[in-house]
Amino acid sequence: MKHTLSRRALCISTAILSLAVTVPGLSGLALAADGTIKLGIVAPMSGPNARYGAFSMRGAELAVKEINDAGGVDGQKIELYSADSQGTPVEGVSATRRLIDEDEVDYVIGDVSSSVTLAMQPVAEDAEVLLLNAASSNPKITYAAGVGGFKWTYRNYPTDENRAFVVAKYAAEQRGFTKFAVLSVDSDYGRSAIEFTKKYLPEFKGEILTEDYYKEGEVDFRSVLAKIRDSGAQAILMYGLADTTPIVARQMVELGLAGKVTLVGNGEFNTEKTIKSAPTALEGAVEAAAWLPAWDSPESKAFVEKFTTTYDEAPNNHAYVHWDTVRLLAQAIHEAGGNDREKVREALSKIKYKSPVGEVTFDDHNQARLPMILLQIENGKPAIKGAYTAEIQYPAQ
């Protein structure tokens, strides 16, 4: 169905709209629209991940509002359509087909869930409709894209492999860690993150001394932490659940690991609540993120201000990546010289897009070469250490 922007969204002050400057071709002096650009968003609008879907839509809405207020893409306005994936592959496929067959969208952005995006890929390929993924991280999406087969799938988001590589590289080169223990969630995400870490650790002379995984809801980690303490590990590779991190951190204090063994990976180490749970255990913890509201660039700060003003709520990562991906698509359409899908696809492959985090280009698997933001907890607060990139080593075809 067509997604109607809220009245509040239509009241953003034009004084802070800078898109015409930051994305070429979006001029406020553009002539009347010659046709429209139909853009579909597939996201979980209902179900357990509905909050992520809401942020995704708001981010996309804000970008569309900015672009249209600035005159559109070379005079063409964007119409935004939404479809609910409910966070499941079956519904995601149905949602994608509705957008393509009934709404006749030119482009689709989606989904938050990797399993849904994987299911959407062949649908978009058959229809020759550009599928831009903005928020799911399973590397299989990229392995199968571009030279992997699905030439109409692109991803403007780092993969789990990107994250694992960047974290391992930073931990080894900047912190001097070579001896690691694993305490990661027992899921596809947690285990794959460790497998990717193992893929790249030899480059940095790193080794894993112990390897353990925990189930969701588990609360006693003392025996595993005691083993880690006795192993001589310098850091714990933890890719896990946000609710579990404070429990592990408190038990690290109990067992004397705080200040001696460092957490690295991804488990919301940087939130105020987590840090307060066990400050000595979290001190020095290292985490990688695609984007953070605290990222210090003019474009990022302007986005946070506009989003917060519009929706009375600070943006999260899902809001940002959908906002940014709409802008990326707009630049590709401009560089293609119009709304021809094939030309836009070719333009996207060659694009050099200035995002608020850094320049974005695509590799031959249609994966964006994206900087990831590295955080380190210092004096009880997350400190941004910079943006780092990683060139993925793809499996042989």
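One-based numbering along the sequence shown.
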- Query: Say you draw a straight line from CG of L241 to OH of Y214; how long is it, rounded to the nearest 0.5 Å?
  - Reply: 4.0 Å
- Message: Assess the residue pair M252 and I236 against the criterion (side-chain contact (heavy atoms from CB on, under 4.5 Å)); give the C-alpha distance rounded to whole Å, side-chain angles, the decisive distance to 0.1 Å, and a yes or no.
- Response: CA-CA 11 Å; M252 286 175 66; I236 298 174; 4.3 Å; yes
- Hey, mind stepping through L132 and V108 against side-chain contact (heavy atoms from CB on, under 4.5 Å) and telling me if it holds? CA-CA 6 Å; L132 258 170; V108 175; over 6 Å; no
- Item | Side-chain heavy atoms of V253 within contact of T280, under 4.5 Å | yes
- Message: Which Ile, Leu, Val, Met, Phe, Trp or Tyr residues join I141 in one cluster when any pair of side-chain heavy atoms under 4.5 Å counts as a link?
- Response: L118
- Message: Taking the basic N atoms (NZ, or NE/NH1/NH2) and the acidic carboxylate oxygens, is any pair closer than 4.0 Å for K169 and E203?
- Response: no
- Query: Roughly how far apart are I194 CD1 and I208 CD1, rounded to 0.5 Å?
  - Reply: 6.0 Å
- Item | Partners passing ring pair (Phe, Tyr, Trp, His ring centres under 6.0 Å) against F269 (at least two apart in sequence or in another chain) | none
- Query: Under 6.0 Å between ring centres, would you say that holds for W291 and F303?
  - Reply: yes
- Message: Under 4.0 Å between a side-chain nitrogen and a carboxylate oxygen: does that hold for K198 and E207?
- Response: no
- Query: Which heavy-atom pair separates P89 from V116 by the least distance, and what is that distance?
  - Reply: N-CG2, 3.8 Å
- Item | Quiz item: cation-pi between R191 and Y213, 6.0 Å / 45° | yes
- Message: Could you tell me if the side chain of N366 sits less than 4.5 Å from the side chain of T142, heavy atoms only?
- Response: no
- Task: Identify, with sequence neighbours excluded, every residue that meets side chain to side chain donor-acceptor pair (under 3.5 Å) alongside T117.
- Result: N133, S136
- Side-chain contact test, heavy atoms from C-beta onward, threshold under 4.5 Å: evaluate it for I78 versus T36 and give yes or no. no
- Message: Could you check whether any side-chain heavy atom of N339 comes within less than 4.5 Å of a side-chain heavy atom of Q76, counting everything from C-beta outward?
- Response: yes
- Message: How close do V42 and A95 get, counting heavy atoms only, and between which atoms?
- Response: CG1-CB, 4.2 Å
- Message: Under 3.5 Å, is there a donor on one side chain and an acceptor on the other for D324 and Y353?
- Response: yes
- Are the charged groups of R98 and D103 less than 4.0 angstrom apart, N to O? no
- Message: A quick test of your reading: do over 12 heavy atoms of other residues, nucleotides or ligands sit less than 6.0 Å from CD of E173?
- Response: yes
- N138 meets the side chain to side chain donor-acceptor pair (under 3.5 Å) criterion, sequence neighbours left out, with none
- Message: For Q121 versus A145, what's the shortest heavy-atom pair and its separation?
- Response: NE2-CB, 4.3 Å
- Task: Could you name each residue pair satisfying salt bridge (charged side-chain N to carboxylate O under 4.0 Å, His left out) that touches residues 267-278, not counting sequence neighbours?
- Result: E272-K276
- Starting at OH of Y81, measure out to OH of Y107 and round the result to the nearest 0.5 Å. 14.0 Å
- Note on the structure: In terms of heavy-atom contacts, L348 and A332 come closest through CD1-CB, 3.9 Å
- So, S277 and T274: side-chain donor and acceptor under 3.5 Å apart, yes or no? no
- Where do D111 and S85 come nearest, in terms of heavy atoms and distance? OD1-OG, 2.8 Å
- Task: Is it possible for you to say whether V185 and L282 belong to one hydrophobic cluster, with membership spreading through side-chain heavy-atom contacts below 4.5 Å?
- Result: yes
- Would a 4.5 Å heavy-atom cut-off, applied to side chains only, mark T389 and F165 as touching? no
- Note on the structure: Using a 4.5 Å side-chain heavy-atom cut-off and chaining through intermediate ILVMFWY residues, the residues clustered with Y52 come out as V112
- Task: Please list all pairs passing the side-chain hydrogen bond (donor to acceptor under 3.5 Å, both in side chains) test where one or both residues lie in residues 237-265, with sequence neighbours left out.
- Result: R222-E254
- Treat each ILVMFWY residue as a node, draw an edge where side-chain heavy atoms are under 4.5 Å apart, and state whether I100 and F150 are in one component. no
- Task: Salt-bridge test for E378 and K385: reply yes if a basic N is under 4.0 Å from a carboxylate O, no otherwise.
- Result: yes
- Message: Is there a salt bridge (Lys or Arg N to Asp or Glu O under 4.0 Å) between D186 and K215? Walk through the geometry before answering.
- Response: CA-CA 5 Å; D186 191 6; K215 301 291 186 183; 2.6 Å; yes
- Message: Tell me the closest heavy-atom pair linking G53 and A43, and the distance in Å.
- Response: CA-CB, 4.0 Å
- Query: Listed by chain and number, what are the ring pair (Phe, Tyr, Trp, His ring centres under 6.0 Å) partners of Y154, not counting sequence neighbours?
  - Reply: F362
- Is it the case that one hydrophobic cluster holds both V304 and W295, taking links as side-chain heavy atoms less than 4.5 Å apart, direct or via other members? yes
- To the nearest 0.5 angstrom, please state how far the CG atom of L375 sits from the CG atom of L292. 5.0 Å
- Inter- and intrachain pairs under salt bridge (charged side-chain N to carboxylate O under 4.0 Å, His left out), touching residues 360-376, at least two apart: R369-E391
- Take the angle between the ring planes of Y394 and Y143 and call it parallel below 30°, perpendicular above 60°, tilted in between. perpendicular
- Note on the structure: Interatomic distance, CG@D188 vs OG@S115, rounded to 0.5 Å, equals 9.5 Å
- Query: How about D220: does its CG atom have over 12 heavy atoms from other parts shown lying under 6.0 Å from it?
  - Reply: yes
- Message: Between L257 and I247, is there shared hydrophobic-cluster membership here, with clusters defined by ILVMFWY side-chain heavy atoms closer than 4.5 Å?
- Response: yes
- So, do Q86 and P44 sit near enough that their side-chain heavy atoms are less than 4.5 Å apart? no
- Message: Which residues end up grouped with I377 if you chain together Ile, Leu, Val, Met, Phe, Trp and Tyr wherever their side-chain heavy atoms are less than 4.5 Å apart?
- Response: I275
- Query: So do F307 and R58 actually touch side chain to side chain, heavy atoms under 4.5 Å?
  - Reply: yes
- Cut-off 3.5 Å, side chains only: do Q376 and R175 have a donor facing an acceptor? yes
- Message: Contact between E66 and W323 at the side-chain level, heavy atoms closer than 4.5 Å - yes or no?
- Response: yes
- Looking at CD of Q367 and OG1 of T153, how far apart are the two atoms once the value is rounded to the nearest 0.5 Å? 11.5 Å
- Query: Given the rule that I, L, V, M, F, W and Y join up when any side-chain heavy atoms are under 4.5 Å apart, are I351 and I333 in one cluster?
  - Reply: yes
- What salt bridge (charged side-chain N to carboxylate O under 4.0 Å, His left out) pairs are there with at least one residue in residues 225-234, not counting sequence neighbours? D212-K227
- Task: Could you give me the CA-CA distance, side-chain angles and deciding distance for K354 and E299, then say whether salt bridge (Lys or Arg N to Asp or Glu O under 4.0 Å) is met?
- Result: CA-CA 10 Å; K354 185 182 180 296; E299 298 88 354; 2.8 Å; yes
- Query: Which is it for K199 and E161 under the salt bridge (Lys or Arg N to Asp or Glu O under 4.0 Å) test, yes or no, and what are the steps along the way?
  - Reply: CA-CA 9 Å; K199 178 177 176 179; E161 186 169 359; 2.8 Å; yes
- Item | For F177, all residues meeting ring pair (Phe, Tyr, Trp, His ring centres under 6.0 Å), sequence neighbours excluded | none
- Test salt bridge (Lys or Arg N to Asp or Glu O under 4.0 Å) on R51 and E313 and set out the steps. CA-CA 12 Å; R51 179 170 172 78; E313 184 175 16; 3.1 Å; yes
